[in-house]
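I have placed the structure first, in the form of structure tokens, so that the comments after it can refer back to it.
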Amino acid sequence: MAIRISAKNLKLSDISKKHIEKVCEKPRQFYDRIIDCDVVIVRMKKHGNGVEVIVKVPQQTFVGSAESSEDNLFKAIDEAKDKVETQLKRYHDKQVQHQ
């Protein structure tokens, strides 16, 4: 699985990059056919940070986005990851029921 991290108006530390890589590996527990994971982080002038986690599987793309009002980037990343995990669980359950 390829992990791509892009940051706009922000420079990420090594700790942040490692946390993002760890977060991107977690959804594999729910669905093992993940092709790649894109993480886009945007520093907003008034609102703190905006994060989008985009997970691609065959024939489907799941997007989870979150914003943090304070400068807590990890919280926004975890919220976006939770949204994607919920979508992956539903998708997996539908496929299992369909078969």
Donor-acceptor contact present, side-chain K83 to main-chain S65, <3.5 Å:
yes
Please check if [X] and [Y] belong to a single hydrophobic cluster, counting links between Ile, Leu, Val, Met, Phe, Trp and Tyr side chain heavy atoms closer than 4.5 Å.
{"X": "I5", "Y": "L10", "answer": "yes"}
{"X": "I3", "Y": "I41", "answer": "yes"}
{"X": "F74", "Y": "V42", "answer": "no"}
{"X": "V40", "Y": "I20", "answer": "no"}
{"X": "V57", "Y": "M1", "answer": "yes"}

Does a side-chain heavy-atom distance below 4.5 Å link [X] with [Y]?
{"X": "I34", "Y": "R28", "answer": "yes"}
{"X": "V51", "Y": "E79", "answer": "no"}
{"X": "N49", "Y": "R43", "answer": "yes"}
{"X": "Y91", "Y": "K89", "answer": "no"}
{"X": "V39", "Y": "I54", "answer": "no"}

Which heavy-atom pair separates [X] from [Y] by the least distance, and what is that distance?
{"X": "E67", "Y": "G50", "result": "CG-CA, 4.2 Å"}
{"X": "Q87", "Y": "V63", "result": "NE2-O, 3.0 Å"}
{"X": "A80", "Y": "G64", "result": "CB-O, 3.5 Å"}
{"X": "V53", "Y": "C37", "result": "CG1-SG, 4.1 Å"}

Between NZ of K81 and CD of E25, what distance do you get to the nearest 0.5 Å?
12.5 Å
Can you tell me how far CZ of F62 sits from CZ of R90, rounded to the nearest 0.5 angstrom?
10.5 Å
Between K17 and E21, is there a salt bridge with N-O shorter than 4.0 Å?
no
Go through the steps for L73 and S68 under the test side chain to side chain contact (heavy atoms under 4.5 Å, CB included), then give the verdict.
CA-CA 7 Å; L73 179 62; S68 64; 5.9 Å; no
